[in-house]
Amino acid sequence: RAGDGLEFKVRGEQTSYLELRLRDGAAPARTIFPTDAPMTPRVAPGDTLPVALAVGPGGGKLVLTALFSDRPRSVGAPPEPDTLLVTAVVAKE
């Protein structure tokens with residue numbers, strides 16, 4: 001629901017480099033992690049991401065895409081063939 005806060009925790013089997021993108025309703029996708037960094041940071045299983053995000057108003061859905069890689073990548077760049085993409089779709093009320 002609008003105003004609900006979201007927390008993001010890394011799940012996986014190994015340390016990797018991560019970019020997290022969000023699309024809220026019809027708005028264009030944007031990177032929500034990392035913020036203000038040109039390259040993806042290294043994260044480990046169990047890490048909680050320093051992302052403060054509240055669900056925006058209106059219906060539709062949130063689409064979250066995590067881009068995991070074995071080496072740093074430029075934030076905002078298209079995924080490389082060996083990038084693991086994990087997408088979650090959450091319906092908004």
Side-chain angles (χ1 to χ4, degrees):
R1 295 187 175 126
D4 285 351
L6 300 176
E7 178 180 272
F8 301 97
K9 190 171 226 175
V10 178
R11 294 182 62 180
E13 297 177 2
Q14 63 187 25
T15 299
S16 58
Y17 294 86
L18 173 65
E19 178 180 358
L20 182 61
R21 297 177 183 172
L22 167 74
R23 187 167 48 89
D24 186 351
R30 62 186 173 99
T31 297
I32 60 171
F33 179 82
T35 55
D36 302 323
M39 301 297 287
T40 54
R42 197 169 180 187
V43 297
D47 286 353
T48 299
L49 302 182
V51 175
L53 179 69
V55 176
K61 58 189 170 185
L62 296 174
V63 179
L64 295 148
T65 303
L67 295 89
F68 291 95
S69 58
D70 292 332
R71 59 190 171 283
R73 337 175 5 266
S74 295
V75 172
E80 298 170 357
D82 61 345
T83 301
L84 172 63
L85 299 176
V86 178
T87 300
V89 178
V90 180
K92 292 171 52 173
E93 295 181 11

Partners meeting side chain to side chain donor-acceptor pair (under 3.5 Å) with [X] (sequence neighbours left out):
X: R71; answer: E80, D82
X: R21; answer: E19
X: K61; answer: none

Shortest non-hydrogen contact from P72 to T40? CA-OG1, 3.5 Å
Nearest heavy-atom contact between T83 and S69 is OG1-CB, 4.4 Å
V89: which other cluster members, linking ILVMFWY side chains closer than 4.5 Å, directly or transitively? V63
Hydrophobic cluster mates of V51, side-chain heavy atoms under 4.5 angstrom, ILVMFWY only, any path? L6, F8, V10, L18, L20, L22, I32, F33, V43, L49, L53, V55, L62, L64, F68, L84, V86, V90
Rounded distance (nearest 0.5 Å) linking atom CG of L67 with atom OG1 of T31: 8.0 Å
So which pairs with a foot in residues 23-44 pass salt bridge (charged side-chain N to carboxylate O under 4.0 Å, His left out), sequence neighbours left out? D24-K92
Any side-chain heavy-atom pair of R11 and P45 under 4.5 Å: no
